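Everything on this sheet refers to the single structure shown next.
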Amino acid sequence: MTDHSSSGSAPAPGAPSDFIRDAVKQDLASGRFTYVRTRWPPEPNGYLHIGHAKAICLDFGIAAENGGVCNFRFDDTNPEKEEQEYVEAITADVRWLGFEWGEREFFASGYFEQLYQWGEQLIQAGKAYVCDLNEQEIREYRGTDVADKGPITVTLPGRNSPYRERAVEENLELFRRMRAGEFPDGARTLRAKIDMAHPNLHMRDPVMYRIRHATHHRTGDSWCIYPMYDFQHPLSDSIEGVTHSLCSQEYEIHRPLYDWFLENLGIFHSRQIEFARLNLTHTVMSKRWLLELVKDGRVRGWDDPRMPTLVGLRRRGYTPESIRDFVSRVGMSKTPSTVDIALLEHCLREDLNKRCMRAMAVLKPVKLVIENWPAGKVTQIEAVNNPEDPSAGSRTVPFTGELYIEQDDVREIPPPKYYRLYPGNQVRLRYAYIVTCTGVRKDPATGEIREVMCTCDPATRGGNAPDNRKVKATIHWVSAGHSIPVEARLYDHLFTAELPQIVPAGVDWMDTINPASLETVKGARVEPGLARALPGDRFQFERLGYFVVDQDSAPGSLVFNRSVSLKDAWARIEKKEAAGR
RNA sequence: UUCCCGGUAGUGUAACGGUAGCACAAAAGACUCUGGAUCUUUUUGUGGGGGUUCAAAUCCUCCCCGGGAAACCA
């Protein structure tokens with residue numbers, strides 16, 4: 001990438017461009033780096049969500065676009081929070097998203113010895129010292145005085161630690177004894193000797209190592225001192241020859257420290273660039289809140305289809321392609337932003353529309369009886385599998401004189417602009433026949449329509465109108481005798497509020513969960529061909545939405561998750577009509 | 001409170017001193033055997049005040065607003 005001449009012209013359509021990609025190109029052009037290598041550094045302490053997907057796509061994407069590689073590296077330097085279980089879950093999620101890293105899977109814990117040696121090197125250079133101050137004292141000396149109540153703290157000038165001028169030899173001996181396990185947790189730390197008056201608090205002699213007699217998920221009990229993120233991360237990047245270390249914005253203030261360690265060690269200097277993390281409307285993204293939802297049983301688990309986690313989205317029926325498309329459309333910037341979840345849904349619809357098999361399913365069935373249909377007669381109707389993809393072919397669906405149609409497709413008295421079934425009106429049964437409604441039978445107690453009667457025009461077989469009559473509505477159906485019962489789970493936004501993280505005073509945020517975020521429909525019916533569907537299989541249920549077979553399914557009892565509904569023009573009309581009166 | 005980073009239609013993102021564009025959303029229409037899809041069209045924007053310049057979203061300055069940080073977490 002040294003094509004200076006084209007730098008002023010617009011990028012090719014579809015080629016992503018943003019301030020980070022621009023910076024990478026400049027670094028190549030200026031000779032700061034001669035190649036591009038990135039890394040994606042998850043901490044194995046939780047499940048991935050779609051915000052992580054943004055970073056994953058960025059790191060792997062930029063590497064690929066520049067002929068480089070992206071290292072997959074676990075930032076596992078806090079044994080108290082990290083577990084092997086998460087390593088596996090994260091690995092599976094990234095693979096599912098569609099990225100490969102071959103042999104380039106690393107662990108920061110794999111660098112512990114090298115990191116330790118660099119710690120000694122800084123001590124020898126007089127740039128690090130062992131400090132005996134406890135946690136509270138360190139805070140006080142740093143100048144950050146935590147108030148007893150509330151989050152407000154006061155920043156004061158920092159003071160040098162009384163241990164700051166320890167002799168090199170003493171520091172070395174103490175650091176070695178720290179490693180040897182001679183001191184209890186928290187007794188001492190190794191600190192960088194920088195500047196206690198620095199306006200950036202991270203530069204006021206930050207802690208490099210702390211003592212933790214804890215078992216690490218990979219190194220076991222071989223270490224009782226663990227490096228801090230600020231010390232570990234730049235050095236791990238350096239070891240791996242990472243050129244561009246891309247991270248979210250909260251690390252921006254850490255960058256001077258990142259640079260300080262690399263400069264003072266005189267080792268390969270990676271460049272850290274920060275970007276704004278992703279937020280979505282109608283959901284929450286923070287690990288803590290997500291965890292609380294799970295712990296409190298407000299959702300069924302990390303993979304609840306309402307969760308913005310990758311496992312949740314997968315179970316919901318999202319495709320990796322749609323998520324990657326979404327991420328690229330969202331773009332990269334430093335502006336704190338909240339993306340409309342409608343964009344995510346749009347990306348899924350667009351992807352699934354092209355490649356999903358259609359099927360007919362009735363969520364809330366009402367019986368339709370064709371009065372002039374010969375008793376017991378069954379005929380096979382040919383139905384197109386995907387109008388967007390002729391190569392998908394067609395299938396047959398059994399048709400009889402007793403069908404189920406959607407409750408919502410019948411009214412005794414039609415509202416304005418309603419052109420589905422009501423007495424006297426005709427509709428087309430998708431791919432089958434044009435029928436005319438002759439009446440409805442209602443439950444005398446509830447007034448609910450129990451049965452719809454109609455007559456069928458045999459000349460319209462296949463749904464054609466030989467006389468060219470206009471039939472405004474086409475509705476879906478299944479044969480009452482052939483269709484199979486299934487459970488459908490209809491999902492909506494987890495929170496009704498657009499920005500659930502803004503909680504009104506006096507309200508528990510968990511009580512703002514959308515009570516309609518999950519509707520379980522037990523008596524749905526689907527066409528018989530779906531009997532063999534397997535978990536993960538996706539369908540478009542005509543006129544309803546995209547559905548995926550859930551893992552809760554068992555042979556003979558299928559469960560479908562609604563991934564996303566189809567756009568519903570009628571719902572908008574109905575809403576508008578209702579608002580208008 | 002201190003420090004850091006940001007503010008472009010409703011939302012997200014381009015424009016890199018020279019015509020403010022794209023996507024989603026919203027709205028209108030066309031077409032349609034999914035009120036789907038597709039196609040056409042429309043509405044809405046540079047946070048505010050000062051400067052510099054022939055020319056400012058872009059450069060300078062003050063103000064306002066938003067986000068982040070102030071862990072022996074990452």
Side-chain angles (χ1 to χ4, degrees), chain A residues 7-8 10-11 17-18 22 41-43 45 75-78 80-82 131 133-135 138-139 142-146 152-156 185-191 198-202 204 206-212 225-226 228-230 232-233 247-256 274 276-277 281 329-347 349-350 353-354 358 360 384 387-388 417-420 428-432 434 462-465 471-476 498 540-545 565-574:
Chain A
S7 61
S17 176
D18 51 63
D22 290 347
E43 182 187 14
N45 73 342
D75 246 351
D76 57 347
T77 52
N78 184 358
E80 294 174 317
K81 287 187 179 174
E82 295 148 6
C131 183
L133 257 26
N134 67 30
E135 204 169 335
I138 285 183
R139 219 193 311 270
R142 190 193 294 121
T144 46
D145 183 22
V146 179
I152 296 178
T153 58
V154 180
T155 303
L156 308 162
D185 286 1
R188 290 181 222 264
T189 57
L190 181 70
R191 294 228 261 165
H198 199 106
N200 182 342
L201 267 17
H202 292 281
R204 319 242 269 220
V207 171
M208 295 161 59
Y209 270 94
R210 76 281 205 183
I211 302 172
R212 282 290 175 279
I225 57 172
Y226 290 93
M228 300 289 291
Y229 169 87
D230 283 315
Q232 167 271 126
H233 204 90
C247 59
S248 50
Q249 257 188 319
E250 66 262 33
Y251 294 103
E252 190 151 22
I253 200 162
H254 296 244
R255 179 153 32 100
E274 313 82 14
R277 57 195 323 163
T281 59
R329 290 191 199 220
V330 161
M332 263 316 142
S333 76
K334 300 184 74 165
T335 315
S337 62
T338 302
V339 177
D340 193 337
I341 200 165
L343 179 61
L344 214 210
E345 295 171 342
H346 167 83
C347 293
R349 284 195 192 98
E350 191 173 81
N353 177 48
K354 286 179 300 194
R358 313 287 125 128
M360 287 197 283
V384 172
E388 303 292 319
K417 295 181 182 167
Y418 184 87
Y419 50 72
R420 273 112 92 152
R428 177 173 15 241
L429 296 173
R430 180 79 156 155
Y431 298 125
I434 293 171
N464 305 306
V471 179
K472 282 283 272 182
T474 298
I475 65 173
H476 57 276
E498 195 171 287
Q540 184 203 87
F541 288 168
E542 297 228 17
R543 303 209 304 135
L544 297 173
S565 65
L566 250 26
K567 280 203 217 165
D568 189 348
W570 165 246
R572 279 209 302 270
I573 294 168
E574 203 176 22

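Letters A, B, ... mirror the listed sequences (proteins, then strands); counts begin at 1. Since the structure is predicted, the reported quantities are computational estimates derived from the model, not experimental observations.
You'll find the side chain of A:L544 stays beyond 4.5 Å of the side chain of A:L566, heavy atoms only. Contact of the A:R349 side chain with the A:S565 side chain is registered, since non-hydrogen atoms from C-beta on lie closer than 4.5 Å.
Looking at heavy-atom distances under 4.0 Å, A:T338 makes contact with sugar-phosphate atoms alone, never a base. At a threshold of 4.0 angstrom between heavy atoms, the contacts of A:Y226 with the nucleic acid are absent. Among the atoms of the strands shown, base atoms are found under 4.0 Å from some heavy atom of A:I573. Looking at heavy-atom distances under 4.0 Å, A:L343 makes contact with sugar-phosphate atoms alone, never a base. Among the protein residues, A:Y209 comes within range of no part of the nucleic acid, since none of its heavy atoms lies under 4.0 Å from any strand. Within the nucleic acid shown, A:D230 has no heavy atom closer than 4.0 Å to any nucleic acid atom. Among the atoms of the strands shown, none is found under 4.0 Å from any heavy atom of A:L344. Residue contacts for A:H254: at a heavy-atom cut-off of 4.0 Å it reaches a base atom on one of the strands shown. Within 4.0 Å (heavy atoms only), A:P42 reaches no atom of the nucleic acid at all. A:E388 comes within 4.0 angstrom of a base, heavy atoms only. Within the nucleic acid shown, A:S337 comes within 4.0 Å of sugar-phosphate atoms alone, with no base atom in reach, counting heavy atoms only. Among the heavy atoms of the strands, none lies under 4.0 Å from A:R204. Contact annotation for A:R142: backbone-only contact, meaning every heavy-atom pair under 4.0 Å involves sugar-phosphate atoms and none involves a base. Among the atoms of the strands shown, base atoms are found under 4.0 Å from some heavy atom of A:I138.
Nearest nucleotide to the A:R543 side chain, out of B:C73, B:G66, B:U34: B:U34. Residue A:T144 places its side chain closer to B:A71 than to any other of B:A71, B:A74, B:U34. Closest to the side chain of A:E252, out of B:C4, B:C72, B:C73, is B:C4. Distances were taken from every side-chain heavy atom of A:E82 (C-beta onward) to each of B:A25, B:A74, B:G6; the shortest belongs to B:A74. Which of B:A25, B:C73, B:G35 sits closest to the side chain of A:E43 comes down to B:C73. Taking every side-chain heavy atom of A:D18 into account, B:A14 is the closest of B:A70, B:A14, B:C73. With B:G35, B:G12, B:A25 as the choices, the nucleotide that has an atom nearest any side-chain atom of A:D568 turns out to be B:G35. Proximity note for A:R212 (side chain, C-beta onward) versus B:G35, B:C72, B:A69: the nearest is B:C72. Considering only side-chain atoms of A:I253, the nucleotide from B:G36, B:A14, B:C3 that sits closest is B:C3. Here the side chain of A:P199 is nearest to one of B:C3, B:G35, B:A74, namely B:C3.
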Exercise. Report the C-alpha distance between A:M208 and A:R191 in whole Å, list the side-chain angles of each, state the deciding distance to 0.1 Å, and finish with yes or no for side-chain contact (heavy atoms from CB on, under 4.5 Å).
Key: CA-CA 5 Å; A:M208 295 161 59; A:R191 294 228 261 165; 5.9 Å; no

Quiz prompt | From CA spacing to verdict: side-chain contact (heavy atoms from CB on, under 4.5 Å), A:D22, A:S17 | solution = CA-CA 7 Å; A:D22 290 347; A:S17 176; 3.5 Å; yes

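Using a 30° and 60° split on the angle between ring planes, A:H202 and A:H254 fall in the tilted class, from 30° to 60°.
Using modelled atom types, one side-chain atom of A:R204 and one backbone atom of A:R142 make a donor-acceptor pair closer than 3.5 Å.
Donor-acceptor pairing under 3.5 Å, judged by distance alone, is absent between the side chain of A:Y251 and the base of B:A69. Looking at A:N134, its side chain has no donor and acceptor atom pair within 3.5 Å of the base of B:C72.
If you take atom C1' in B:C59 and the same atom in B:A25, they sit 35 Å apart, rounded to whole Å. With P as the reference atom, B:C39 and B:A20 are 27 Å apart, rounded to whole Å. Rounded to whole Å, the separation between the P atoms of B:U8 and B:U1 comes to 24 Å. On the P atoms, B:C4 is 14 Å away from B:C63, given to the nearest whole Å. Rounded to whole Å, the P atom of B:C65 lies 15 Å from the corresponding atom of B:G48. Comparing the same atom, C1', in B:G45 and in B:A23 gives a spacing of 15 Å after rounding to whole Å. Look at the C1' atom in both B:C3 and B:C60: the space between them is 23 Å, to the nearest Å. Distance noted for atom C1' between B:G49 and B:A56: 15 Å (whole Å).
Side-chain nitrogen and oxygen atoms of A:R358 include none within less than 4.0 Å of the OP1 or OP2 phosphate oxygen of B:A37. The side chain of A:T77 contributes an N or O atom lying less than 4.0 Å from OP1 or OP2 of B:A74. Contact annotation: A:H476 does not reach the phosphate of B:U34 (side-chain N/O to OP1 or OP2, under 4.0 Å). An OP1 or OP2 oxygen of B:A74 is reached within less than 4.0 angstrom by a side-chain nitrogen or oxygen of A:R210. The phosphate of B:U13 (OP1 or OP2) has a side-chain N or O of A:S333 nearer than 4.0 angstrom. Within the structure, a side-chain polar atom (N or O) of A:R139 is placed less than 4.0 Å from OP1 or OP2 of B:A71.
A salt bridge between A:E388 and A:R358 is absent, with no side-chain N of the basic residue lying under 4.0 Å from a carboxylate O of the acidic one. A salt bridge between A:E43 and A:K81 is absent, with no side-chain N of the basic residue lying under 4.0 Å from a carboxylate O of the acidic one. Using a 4.0 Å cut-off between charged nitrogen and carboxylate oxygen, A:E574 and A:K417 do not count as a salt-bridge pair.
Of the two residues near RNA chain B, A:N353 and A:V339, the one whose nearest nucleotide lies more 5' is A:V339. Taking for each of A:K417 and A:R329 the nucleotide of RNA chain B with the nearest heavy atom, the 5'-most of the two is the partner of A:R329.
As rounded to whole Å, 19 Å separates atom P of B:C31 from atom NZ of A:K567. Between the CG atom of A:L190 and the C1' atom of B:C72 there is a distance of 12 Å, given to the nearest Å. Rounded to an integer number of Å, the gap from A:E250 CD to B:G6 P is 15 Å. In this structure, CZ of A:R428 is placed 15 Å from P of B:G36, rounded to the nearest angstrom. In this structure, the CZ atom of A:R572 is 12 Å from the C1' atom of B:G36, given to the nearest Å. Between the CE atom of A:M208 and the P atom of B:A74 there is a distance of 13 Å, given to the nearest Å. One atom, CZ of A:R277, and another, P of B:C5, lie 19 Å apart when rounded to the nearest Å. The nearest whole Å value for the distance from the OH atom in A:Y431 to the P atom in B:U34 is 8 Å.
A 3.5 Å limit on both hydrogen-bonding distances identifies B:G29 as the Watson-Crick or G-U partner of B:C39. Pairing for B:C3 is with B:G68, a Watson-Crick or G-U wobble pair whose two hydrogen-bonding atom distances lie under 3.5 Å.
A:L133 contributes atom CG, which lies 12.0 Å from atom CZ of A:R139 (distance to the nearest 0.5 angstrom).
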